[in-house]
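As structure tokens, the structure follows; a few thoughts come after it.
What you are looking at is a predicted structure, and each value in this text was computed from that prediction instead of being measured.
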Amino acid sequence: MSERRKDVIRLRIATAALELFKSQGVAATSVEQIAGELGISTRTLWRYSPSKEGCVLPLLTHGLAAVVEKLRAWPRHLPLLDHLLHESDLAERVPESTLDLARLTRTEPALRSVWLRSYLDAENVFAEVIAERTGLAADALETKVQAGMLNIALRIAVEHHAWNTAPAGARATPPGGLTNATRAALRTAINGLSM
């Protein structure tokens with residue numbers, strides 16, 4: 001089976017799991033229910049996910065891949081903030097499913113763990129991209145701190161936006177809400193501590 005096909009299956013599993021988690025909670029959702037929603041066996045599901053909660057991971061890695069793509073395309077003449085927020089396209093690439101998942105992390109500790117783990121994994125990729133750009137080693141302290149600041153700013157912006165807005169259809173989300181939160185978080189990270 002091609003990697004593309006496997007990714008499609010993982011995304012279908014993630015979407016089904018998220019819908020069940022939203023409607024009945026993580027504890028009340030079984031692996032059998034998730035598999036049943038897709039018409040696959042639990043054995044097949046386990047080939048694609050290490051845990052029930054981990055089923056949602058593809059929703060996160062898909063969104064973080066968009067950030068990495070933007071970082072890799074970062075032109076040398078542009079400051080990072082300008083590049084990441086050019087025409088607000090980064091914030092617009094965050095799907096509603098990611099926001100739904102972020103909302104669930106407030107009340108579902110197991111999903112919070114998966115959420116934080118995905119950002120931790122992304123931080124290593126951010127460090128690699130920053131190292132390519134700066135010429136420092138990916139494991140240099142400066143590189144790791146920069147990657148960590150970028151990572152935390154992006155995570156907190158998504159959480160802030162998700163936790164302060166209702167799901168799509170429930171009420172209007174303020175225009176530019178995620179874009180504004182991302183800009184504010186990145187500017188704060190770039191300005192550093194001002195104590």
Side-chain angles (χ1 to χ4, degrees), residues 7 9-35 37-38 45-46 48-71 84-85 88 90-127 144 147-174 176-189:
D7 287 345
I9 292 169
R10 284 184 188 102
L11 218 50
R12 287 183 58 221
I13 291 169
T15 302
L18 178 61
E19 288 307 313
L20 286 167
F21 295 162
K22 282 171 33 181
S23 67
Q24 60 193 35
V26 175
T29 301
S30 69
V31 172
E32 290 79 16
Q33 286 177 309
I34 298 168
E37 285 290 313
L38 300 165
L45 189 139
W46 286 128
Y48 290 96
S49 180
S51 68
K52 174 175 69 172
E53 298 81 6
C55 285
V56 298
L57 194 56
L59 295 173
L60 299 172
T61 55
H62 181 67
L64 291 169
V67 177
V68 171
E69 180 184 318
K70 286 290 275 186
L71 284 175
L84 283 179
L85 297 172
S88 307
L90 182 64
E92 290 168 7
R93 290 173 130 186
V94 176
E96 188 65 30
S97 59
T98 300
L99 298 176
D100 286 342
L101 187 53
R103 290 179 188 106
L104 284 173
T105 65
R106 288 188 101 171
T107 57
E108 297 284 357
L111 290 182
R112 183 75 176 164
S113 176
V114 171
W115 173 262
L116 293 174
R117 181 67 209 187
S118 72
Y119 274 91
L120 185 59
D121 292 343
E123 193 169 300
N124 295 327
V125 180
F126 293 169
K144 292 191 311 188
M149 287 172 37
L150 172 62
N151 189 26
I152 289 171
L154 293 172
R155 177 181 59 81
I156 290 174
V158 170
E159 290 173 354
H160 176 79
H161 177 72
W163 294 351
N164 289 290
T165 59
R171 69 180 159 116
T173 300
L178 182 54
T179 298
N180 291 340
T182 303
R183 281 190 178 123
L186 286 172
R187 283 193 184 108
T188 301

Qualifying salt bridge (Lys or Arg N to Asp or Glu O under 4.0 Å) pairs, either residue in residues 154-167, two or more places apart: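 Qualifying pairs, neighbours excluded: Arg112-Glu159, Arg155-Glu159.
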How far apart are the closest heavy atoms of [X] and [Y], and which atoms are they?
{"X": "Pro58", "Y": "Gly54", "answer": "CD-O, 4.1 Å"}
{"X": "Ala181", "Y": "His160", "answer": "CB-CD2, 4.2 Å"}
{"X": "Thr98", "Y": "Leu59", "answer": "OG1-O, 3.6 Å"}
{"X": "Cys55", "Y": "Leu45", "answer": "SG-CD2, 3.8 Å"}

Step-by-step side chain to side chain contact (heavy atoms under 4.5 Å, CB included) determination, Val125 to Leu71: CA-CA 10 Å; Val125 180; Leu71 284 175; over 6 Å; no
Look up atom [atom1] in [X] and atom [atom2] in [Y], then write down how far apart they are to the nearest 0.5 Å.
{"X": "Leu104", "Y": "Leu99", "atom1": "CG", "atom2": "CG", "answer": "11.5 Å"}
{"X": "Leu111", "Y": "Arg103", "atom1": "CG", "atom2": "CZ", "answer": "14.0 Å"}
{"X": "Leu186", "Y": "Thr182", "atom1": "CG", "atom2": "OG1", "answer": "6.5 Å"}
{"X": "Thr188", "Y": "Arg183", "atom1": "OG1", "atom2": "CZ", "answer": "13.5 Å"}
{"X": "Leu38", "Y": "Thr15", "atom1": "CG", "atom2": "OG1", "answer": "9.0 Å"}
{"X": "Ile13", "Y": "Leu18", "atom1": "CD1", "atom2": "CG", "answer": "13.5 Å"}

Could you work out, with side-chain hydrogen bond (donor to acceptor under 3.5 Å, both in side chains) as the rule, every residue matching [X], not counting sequence neighbours?
{"X": "Lys144", "answer": "none"}
{"X": "Thr29", "answer": "Gln24"}
{"X": "Arg12", "answer": "none"}
{"X": "Glu37", "answer": "none"}

Short side-chain to backbone donor-acceptor contact, Thr105 and Ala102, under 3.5 Å: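 Checked: pair present.
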[X]: which residues meet the side-chain contact (heavy atoms from CB on, under 4.5 Å) condition with it, sequence neighbours left out?
{"X": "Val114", "value": "Glu53, Val56, Leu57, Leu60"}
{"X": "Asp7", "value": "Glu3, Arg10"}
{"X": "Ala147", "value": "Glu123, Phe126, Ala127, Ile130"}
{"X": "Glu32", "value": "Ser30, Thr42"}

Derivation of the side chain to side chain contact (heavy atoms under 4.5 Å, CB included) call for Glu108 and Phe21: CA-CA 9 Å; Glu108 297 284 357; Phe21 295 162; over 6 Å; no
Pair listing, ring pair (Phe, Tyr, Trp, His ring centres under 6.0 Å) test, anchored in residues 95-117, at least two apart: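 Applying ring pair (Phe, Tyr, Trp, His ring centres under 6.0 Å) to every pair that reaches into residues 95-117, excluding sequence neighbours, yields Trp115-Tyr119.
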Non-neighbouring partners of Lys22 that pass salt bridge (charged side-chain N to carboxylate O under 4.0 Å, His left out), sequence neighbours left out: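 Lys22 satisfies salt bridge (charged side-chain N to carboxylate O under 4.0 Å, His left out) with Glu19, Asp100 only.
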